[in-house]
Amino acid sequence: MDYNHSAVEKKWKNFWSENQTYKVHNDSHKPKFYVLDMFPYPSGAGLHVGHPLGYIASDIYSRFKRQSGFNVLHPMGFDAFGLPAEQYAIQTGVHPADSTAENLKRYRAQLDNIGFNYDWDRQVITSDPSYYKWTQWIFLQLFGHYYDKKEAKAKPIEELIAHFEQNGLADIQAHHSLETVFTAAEWQAYSAQEKDDILMNFRLAYRKVAYVNWCEALGTVLANDEVKDGLSERGGHPVEKKPMMQWALRITAYAERLLEGLLKLDWSESMKTMQRNWIGKSTGATVFFNVFDHESKIEVFTTRPDTIFGVSFMVLAPEHDLVQQITTEDKRDEVAAYVDAAGKKSDVERMADAKTVSGCFTGAYAIHPFSKENIPIYISDYVLKDYGTGAIMAVPCDDARDKRFAEKFDIDIPIIIDKSAFPNASIGDKVGTMIHSDFLNGLKVKDAIKAAVSKMYDEGIGYRKVNYKLRDANFSRQRYWGEPFPIVNKDGQSKGLPFAELPVELPPLDDFKPTAEGKSPLARLDKWINTVDGERETDTMPGYAGSSWYFFRYMDAKNDEAFASEDALDYWKDVDLYIGGTEHAVGHLMYSRFWTKFLYDIGKVSVQEPFKKLINQGMIQGVIEFLYLAKEKIEGRSRFVCANIAEGEGVEHFSRIPIHIDFVENYGNKDSHINMNGIDSFVNWRPEYSDARFECGNGVYQNGHFEPKDSALDSHLVTSSEVGKMSKRYFNVVNPDVIVEKYGADCFRMYEMFLGPIEQSKPWDTQGIEGVSKFIKRFWSLFYDNGQWIVNETEASKGDLKSLHQTIKKVTKDLHAFSFNTCVSHFMVLVNDLKKSQCHSKHILEPAVRLLAPFAPFMTEELWSSFGNEGSVHHSAFPEFDETYLVEDTVTYPLCVNGKKRVLLDVPNGTSKEAIEKMATEMPELQKWIEGKTVVKVIVVPNKMVNFVVK
RNA sequence: GCCAAAGUGGUGGAAUUGGUAGACACGCUGGAUUCAAAAUCCAGUGCAUUCACGUGCGUGAGGGUUCGAGUCCCUCCUUUGGUACCA
């Protein structure tokens, strides 16, 4: 009898839940270890085989840590607010809470099927009022604090108000967006609303006018990824920018700390680099250029003040405020046309145009601050309005884009850096010696930067400046299905609600469409909106609100007195291991770090960084299969052809129709094709093609009839395959339940790990799952033969002990390195060895079960109980290896001649270098390689190899 | 354009600090078992050449460092992911 996975899995799933095997306690004396999974959004499509990749890895790791003596927190929950549920509600009228609950149930069942060791008592659901009560509370804290730059921390807004009463804006170093100044007397004289407006420029959560993607035709605001090329993705309607009063978070206040914090994190360098680039700190100088014959000055930010004498023109962003003022009469039409064209371009189009240089001369000139020469002012869309000051001083000799621009418009390219000492340096590298640069001549670039800035400062031309790319985060959505703001507005002022009124629950609703002005559907609920204190805010919070702090809630998920108790926060502190995808590189991971730092500042948590170690799992992609459909019908019928035929006729005459992968034979392979059965299924699925013609090399299939060429029996219509996202729209979603049912959860888990390194992306492919399935059966067959328990008490042989301990050593090492795929290989080697030696000894097999437990939790649990053990194998100790079993009697040395392996030599372990060299030199088989040549040198690397260097 | 990662058999992938390239698995070939098949077990399997022993060549391409390079350095090509032409 083979291993019966269905029965065993059912048995132990029940056992685990009845015995609360995975319950985690906060009052343990063991060291803590916190393993966190990515927060899933429960979509209607259910879990696909790509999702569990990271979950399986973290599950294995947390089981390994628990068996190694740690108190392991490994929770799961759901990021349940989101756009798809709301979209579904608009289409079907089903309340998002209902569809979400339905999806949650399905996700939970799918997760349980795979055998994850979550403590479900700690489940967090963001759309649950008992959770979002605390999301709202944190928002109120952000609203009630400002950032003090001197102390580098958030402080209560009341302290700021007290300071304004006493001193006005003087002596304050706060992060703010205010553009005016005021005295204490002026502050005292301001109206309540004026005071409120000023404070909005300081609060860490604040209201401001921001632009949204407004689509008139759909009557709704669209997310960025719903807009393609300036048109809505659905329907292709025009999208315009519309100003709206919205909430934002002042994450920019934390830019420097978010940057510094990266240093201590055990994240991949590429991930840190992405975050650094997003924060985008650059040190340089602000420099002012006077405009010839005008009052106004052009302010630029440059990282290369040393190149000031290389400036031969200036460029303003087309949207720059000065453009209208300084453009000369004769250039007005040309400039207006350019500005107009640039405004219509989408970001995508600007990107595609990266290589083509465009621009327009304004007719105006700036005055060089040192040489006093006139330099022309251009506009071009390679300068962006939102970055820096929206204007640059162009240095064509040491900036690739400026150079291209200068060449196109025939502008001088003054050479001001001698890079002859650095032949490998390319344009823009900060190396070389300054020339033709007045007071900077002879200085190295680095020194010249300092010298230039200090001279600029002395002459009032500019000053040192640190610039960040990071911008404040928009925190509003004009939607229903999100956290309501605990805010009421009255007389143009926003007030936070008192704690006693939290949570502000989402009111019931049956029409989920936005209002005509694009406001959230909540705006229609007059009764809900109007309170004695004012009107409720009708925007809701964005998706990242709930996911920016959920990892703290798991520590004490049911607390109603605080977002988590001090004790729990103090015990668990931070996440020791977070496994998640790179798509969150700058969004979720940046916001979570920001919220954690803020909670630290207000004394609520004891850590500044939430995620100590981060592993980026790769994506499991899907295979997308397409049929070629001729653009031109033949005799009024649709015409599908084989990929080979399409290529012959030219693929431009065809469109590609995604087809369900279940209809395709050998999908994902070069030979992927559909036969007559497949065509029937396809036509059934898409009745509009019921009388279509399907042409392939073998013949033509039409209306259920096959007209073969030669003697072909079946259609062989080759499809075109592509690797891409696993998604409902490509009909290529593979449900893990199907694999689990066929092969068992243990096999599914180990196969996903066996596919390759966890960080690597790869298409889903079941080729090779048989190998893992065979391994599971073979492992089982060491214990059971035809249902008979065949384990005995025989003393373990030396060879078996060596195999076992070698495996323990390798698996332990690879687990520490998160190399799960090689762990699976090591297990296979062990089983192959034990099968060969016909080992059934308890002394080998019992530790082997404990070793395999994290990977195959169901089968090992069954085997563990077969040994007569009472508790769960998952609470047993992870085996430790004993080096004494691993000592080799002999070492095999490859003998190389000039680095090429020629002969092998067995040497007793512990032989001295000299003896090895002597034995090697005397090897008869080696003589033909060294005969007639001079042995220059013999290199002996202990336990590795011997190399003869000959001439 | 910029940033990051990666290119190894027919396929997925192994390979400490530079030290026997291809572990493990799929697939394929042959054999055992079987009336037959499935399943299982055994053997072989980088490419070229050779009856064979063997020999040569081999980690995207080209160069370099080294006794020795998949691994380090330079140039280039390709693929994937990110992106805000970031001054």
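By convention in this document, chain letters (A, B, ...) are assigned in the order of the sequence lines, proteins followed by strands, and residues within each chain are numbered from 1. Worth saying up front: this structure is predicted, and the values here are computed from it rather than measured.
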Touch class at under 4.0 angstrom, heavy-atom based, for A:Ile939 against every strand present: base
Touch class at under 4.0 angstrom, heavy-atom based, for A:Met945 against every strand present: base
Sugar-phosphate only, base, or nothing, as touched by A:Asp402 at under 4.0 Å among non-hydrogen atoms: nothing
N or O in side chain of A:Asn616 less than 4.0 angstrom from B:G81 OP1/OP2: no
Sugar-phosphate, base or nothing in reach of A:Phe754, heavy atoms under 4.0 Å: base
Options B:C86, B:A87, B:A23, nucleotide nearest the side-chain atoms of A:Ser825: B:A23
Proximal nucleotide (of B:A87, B:G13, B:A84) relative to the A:Trp278 side chain: B:A84
Residue A:Thr822, side-chain heavy atoms: nucleotide from B:A14, B:U16, B:G12 that is nearest: B:A14
Nucleotide B:C41, atom C1' - distance to NZ of A:Lys774 in whole Å: 10 Å
Presence of A:Gln760 side-chain N/O under 4.0 Å of B:G13 phosphate oxygens OP1/OP2: yes
Presence of A:Lys762 side-chain N/O under 4.0 Å of B:G13 phosphate oxygens OP1/OP2: no
Where the chi angle of B:G9 falls, syn if within 90° of 0 and anti if not: syn
Nearest to side-chain heavy atoms of A:Thr273, which nucleotide of B:C3, B:A84, B:A15: B:C3
Closest listed nucleotide, where the reference is the side chain of A:Met828 and the choices are B:C86, B:A87, B:C24: B:C24
First of A:Asn277 and A:Lys937 reached from the 5' end of RNA chain B, by closest nucleotide: A:Asn277
Contact under 4.0 Å: A:Arg902 side-chain N or O vs B:U20 OP1/OP2: no
Nearest-nucleotide pick for A:Lys469, side chain only, options being B:A15, B:C86, B:A87: B:C86
